[in-house]
Amino acid sequence: MYHPACWIVFTATTALLFIPGVPVRSGDAAFPKAMDNVTVRQGESATLRCTVDDRVTRVAWLNRSTILYAGNDKWSIDNRVVILSNTKTQYSIKIHNVDVYDEGPYTCSVQTDNHPKTSRVHLIVQVPPQIVNISSDITVNEGSGVTLMCLAFGRPEPTVTWRHLSGKGPGFVSEDEYLEITGITRDQSGEYECSAVNDVAAPDVRKVKVTVNYPPFISNAKNTGASVGQKGILQCEASAVPVAEFQWFKEDTRLANGLDGVRIESKGRMSTLTFFNVSEKDYGNYTCVATNKLGNTNASIILYGPGAVHDGGNAASRAAARLWLWGALLAHLLLNF
Ligand SMILES: *[C@@H]1O[C@H](CO)[C@@H](O)[C@H](O)[C@H]1NC(C)=O
Ligand SMILES: *[C@@H]1O[C@H](CO)[C@@H](O)[C@H](O)[C@H]1NC(C)=O
Ligand SMILES: *[C@@H]1O[C@H](CO)[C@@H](O)[C@H](O)[C@H]1NC(C)=O
Ligand SMILES: *[C@@H]1O[C@H](CO)[C@@H](O)[C@H](O)[C@H]1NC(C)=O
Ligand SMILES: *[C@@H]1O[C@H](CO)[C@@H](O)[C@H](O)[C@H]1NC(C)=O
Ligand SMILES: *[C@@H]1O[C@H](CO)[C@@H](O)[C@H](O)[C@H]1NC(C)=O
């Protein structure tokens with residue numbers, strides 16, 4: 001007995017690659033027998049082959065229950081489907097530009113000695129991973145909850161992971177399309193990377209930026225000495241998101257830029273109060289106030305003169321003041337040299 005056998009071959013763009021599939025014998029006792037499934041990438045071509053002999057009187061290829069070709073007659077209206085050969089030994093068709101909806105069972109149906117026989121193959125379509133919807137960059141307040149979403153498509157279904165790029169070490173990892181952060185901290189701000197991976201092609205990778213707002217925190221505000229007639233600079237440094245705005249006060253009076261020979265300059269985290277020509281009345285207790293929309297904080301900074309004991313009455317600070325005075329004198333001498 002001679003039996004028809006069908007299989008699918010995968011056609012790469014240039015080369016014709018025959019995947020070693022074992023032809024199914026439709027007359028086997030266990031018929032219809034599952035054969036090795038063959039896999040084609042989306043966009044490539046698939047060839048469906050069916051082995052026949054000279055006793056075969058009718059041949060057809062079906063997609064599910066729909067006839068694509070019956071003998072040389074094309075029943076399908078899909079112009080991607082073409083006949084390759086209809087000879088005494090082989091009956092094959094080809095599907096160009098395969099897409100995901102072509103996936104499924106295809107059947108070769110033949111008639112031998114008035115007996116119909118069929119053989120089935122499964123066409124499996126692979127698709128590279130692709131991120132189809134991802135959260136936009138967001139800004140949140142510290143302490144709030146954040147959910148990042150990364151939806152990906154692909155065949156087989158891609159695995160989706162999240163990674164924190166700006167973090168120390170490998171970053172916080174979530175093996176899910178959703179990354180949930182409850183009570184976000186400022187350390188968790190920065191870039192998050194979503195990767196969609198399957199073994200069909202290179203991963204699809206995209207990034208989301210998370211900005212975490214927090215109220216100002218003054219990290220540097222040091223008392224400073226300056227002698228009369230010289231330049232004096234007070235500095236105040238605050239970290240905050242959004243960046244802090246600064247104000248300077250002396251006692252209860254707010255200082256204005258340009259008045260009383262002072263200049264206020266704020267740039268990023270740093271604000272400076274400059275006295276162009278320090279006089280006796282400038283000495284004292286100043287307050288730097290840093291404000292953003294989440295709150296404010298302040299720090300006191302003292303501008304002190306030579307010989308002043310600015311931070312406690314201990315001997316060490318008096319010695320420091322003397323040393324400073326000596327340095328100021330030396331600088332003065334050098335400047336006038
Ligand atoms: C072929 O694929 C079909 C559908 O995906 C599945 O049911 C069947 O078990 C597969 N057969 C083999 C041999 O892998
Ligand atoms: C196969 O059938 C499916 C479902 O009807 C259809 O979407 C697809 O276009 C068909 N493919 C071919 C190559 O006929
Ligand atoms: C992405 O997902 C969001 C939330 O589910 C939805 O509102 C939005 O329309 C989606 N965007 C696209 C392009 O599908
Ligand atoms: C600083 O101020 C004093 C007193 O007002 C004045 O005599 C001196 O010329 C000023 N120095 C400079 C560099 O402006
Ligand atoms: C400076 O003023 C602040 C408040 O205005 C006060 O808390 C602080 O003790 C003062 N510092 C000195 C050295 O007087
Ligand atoms: C500085 O902070 C203290 C405590 O938060 C507050 O009572 C005070 O009013 C602030 N001073 C200024 C000038 O904002």
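The residues of the chain are indexed from 1 along the displayed sequence. Atoms within a ligand are numbered from 1 in the order they appear, just like the ligands themselves.
Checking Asn292 against Glu245 by side-chain atom types alone, no donor-acceptor pair falls below 3.5 Å.
The presence of a protein heavy atom under 4.0 Å from atom 11 (N) of ligand 4 is confirmed. Checking atom 14 (O) of ligand 6 against the protein gives a heavy-atom contact under 4.0 Å. Atom 5 (O) of ligand 4 is never approached by the protein to below 4.0 angstrom, counting heavy atoms only.
Residue Asp99 does not touch ligand 2, judged by heavy-atom distances below 4.0 Å. Contacts of Tyr106 with ligand 2, taken as heavy-atom pairs under 4.0 Å, involve the side chain alone.
Taking atom 1 (C) of ligand 4 as the reference point, the nearest protein heavy-atom neighbour is Asn277 ND2, 1.3 Å. When hydrogens are left out, the protein atom nearest atom 2 (O) of ligand 2 is Asn63 ND2, 2.4 Å; that is the closest non-hydrogen contact.
In terms of heavy atoms, Val98 sits closest to Ile95 at CG2-O, 3.6 Å.
For ligand 2, one of its N or O atoms has an N or O atom of Asp102 under 3.5 Å away. Geometrically, ligand 2 and Arg64 share a nitrogen or oxygen pair separated by less than 3.5 Å.
Within a 6.0 Å sphere centred on CZ of Arg58, heavy atoms belonging to other residues, nucleotides or ligands number 12 at most. For Phe217, the CZ atom is loosely surrounded, since the number of other residues' heavy atoms within 6.0 Å does not exceed 12.
By the 4.0 Å N-to-carboxylate-O rule, Arg80 lies close enough to Asp102 to be salt-bridged with it. In summary, Glu265 and Arg263 engage in a salt bridge, as defined by a charged side-chain N under 4.0 Å from a carboxylate O.
Close contacts between ligand 2 and Leu68 involve ligand atoms 14 (O) [criterion: under 4.0 Å to a heavy atom].
Residues Val160 and Val197 fall into different hydrophobic clusters, defined by Ile, Leu, Val, Met, Phe, Trp and Tyr side chains chained together at heavy-atom separations under 4.5 Å.
By heavy-atom distance, the residue among Asp252, Asn298, Thr297, Thr287 lying nearest atom 3 (C) of ligand 6 is Asn298.
Between Tyr192 and His164, the two ring planes are parallel [angle under 30°; tilted spans 30° to 60°].
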